[in-house]
Undergrad: 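Next up is a structure, given as structure tokens.
Positions are given from 1 along the sequence. All values reported here derive from a predicted model rather than from experimental measurement.
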Amino acid sequence: MPQDTQQGRLTPVTDETFAAVVLAADQPVVVDFWAEWCPPCRPVSKHLAELAEEFGDALRFVTVNSDENPQSTRAYQVMSMPTMLVFRDRQVVGSIVGARPKNHLRLSFARHLDG
């Protein structure tokens, strides 16, 4: 996530920490793949920071700088920025490619919550 919008409950993840933070999580995880050169990534990151506060502990939000972490980016075949993947039980269970309005993101992510 761009540094000037980093706030709240967004956790930066690297190739080295991806498995421990995302795959081993006991709740759904939204992974935001972004890059500095990506103009739509900045507003999406702001939306995700706000949604992370709204969802609290029910959903975890992390960010991956794709340029600095090519292994994770390649492993999940991320070809466009921004890309948001939802992981649950070590599997990708949802994806959003490209910028979307905050309400669209909220509804898409809410589908992955328990009960």
Side-chain angles (χ1 to χ4, degrees):
M1 178 179 87
Q3 291 298 320
D4 62 341
T5 61
Q6 189 169 9
Q7 56 182 292
R9 303 173 74 99
L10 293 174
T11 304
V13 173
T14 66
D15 286 340
E16 292 75 28
T17 62
F18 194 93
V21 174
V22 176
L23 301 180
D26 58 1
Q27 84 247 55
V29 180
V30 175
V31 180
D32 173 31
F33 289 88
W34 68 278
E36 284 290 339
W37 49 263
C38 166
C41 289
R42 202 166 295 282
V44 167
S45 292
K46 183 177 184 283
H47 293 328
L48 294 177
E50 294 166 358
L51 290 171
E53 292 297 325
E54 288 181 31
F55 281 103
D57 293 334
L59 190 61
R60 185 165 190 185
F61 288 78
V62 304
T63 64
V64 174
N65 181 324
S66 294
D67 290 335
E68 295 176 1
N69 299 284
Q71 182 180 354
S72 299
T73 303
R74 276 192 307 271
Y76 294 99
Q77 300 176 357
V78 174
M79 301 292 182
S80 297
M81 303 296 147
T83 292
M84 291 143 281
L85 300 179
V86 182
F87 285 79
R88 183 175 201 132
D89 299 324
R90 303 182 68 87
Q91 301 294 318
V92 176
V93 295
S95 66
I96 299 171
V97 178
R100 298 290 185 271
K102 183 177 168 183
N103 195 49
H104 176 89
L105 297 174
R106 179 186 294 113
L107 294 172
S108 295
F109 300 148
R111 289 185 223 146
H112 300 286
L113 299 176
D114 290 327

Undergrad: Test of understanding: with ring pair (Phe, Tyr, Trp, His ring centres under 6.0 Å), list the residues that count as partners of F33, not counting sequence neighbours.
TA: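 Applying ring pair (Phe, Tyr, Trp, His ring centres under 6.0 Å) to F33 gives none.
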Undergrad: Does any non-hydrogen side-chain atom of H112 lie less than 4.5 Å from one of Q27?
TA: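 Side chain of Q27 against side chain of H112, heavy atoms only: no contact under 4.5 Å found.
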Undergrad: Applying a strict under-4.5 Å side-chain criterion to I, L, V, M, F, W and Y, I'd like to know whether V92 and V29 cluster together.
TA: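 Both belong to a single hydrophobic cluster.
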Undergrad: Suppose the criterion is side chain to side chain donor-acceptor pair (under 3.5 Å): which pairs have a residue in residues 13-22, not counting sequence neighbours?
TA: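 Matches after skipping sequence neighbours: T14-E16, T14-T17, D15-S72.
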Undergrad: Ignoring hydrogens, what is the shortest heavy-atom contact between P40 and P43? Give both atom names and the distance.
TA: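 Looking at all heavy atoms of both residues, the closest pair is O-CD, 3.3 Å.
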Undergrad: Could you tell me if the side chain of L51 sits less than 4.5 Å from the side chain of L105, heavy atoms only?
TA: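 Heavy-atom side-chain distance check passes, below 4.5 Å.
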Undergrad: Within a strict 4.5 Å, meaning less than it, do heavy atoms of the L48 and M84 side chains meet?
TA: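 In short, these two side chains touch, coming nearer than 4.5 Å.
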Undergrad: According to side chain to side chain donor-acceptor pair (under 3.5 Å), does anything in residues 78-90 pair up with another residue at least two apart or in another chain? List the pairs.
TA: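 Listed once each, the pairs are R88-D114.
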Undergrad: Is the ring pair F61/F109 parallel, tilted or perpendicular, if the boundaries are 30 and 60 degrees?
TA: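 Ring orientation of F61 relative to F109: perpendicular.
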Undergrad: Mind checking the CZ-OG spacing from R74 to S66? Nearest 0.5 Å is all I need.
TA: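 Here the rounded value is 11.0 Å.
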Undergrad: Side-chain heavy atoms nearer than 4.5 Å, only ILVMFWY residues, links allowed to pass through others: does that put W37 and V64 together?
TA: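 Same hydrophobic cluster.
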Undergrad: A side-chain contact here means heavy atoms from C-beta on lying under 4.5 Å apart; do V21 and V62 qualify?
TA: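 Yes - at least one pair of side-chain heavy atoms lies under 4.5 Å apart.
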Undergrad: With a 4.5 Å cut-off on side-chain heavy atoms, are R106 and F55 touching?
TA: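 The answer is yes; the side chains approach within 4.5 Å.
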Undergrad: Grab the two heavy atoms, one from D32 and one from P82, that are nearest each other, plus how far apart they are.
TA: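 Smallest heavy-atom distance, with atoms named: OD1-CB, 4.0 Å.
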Undergrad: Would you check if M81 and E36 make a side-chain contact, meaning some heavy-atom pair closer than 4.5 Å?
TA: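 No; the side chains remain at least 4.5 Å from each other.
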Undergrad: Side chains of L113 and L59, heavy atoms from C-beta outward: is any pair under 4.5 Å?
TA: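 L113 vs L59: side chains touch.
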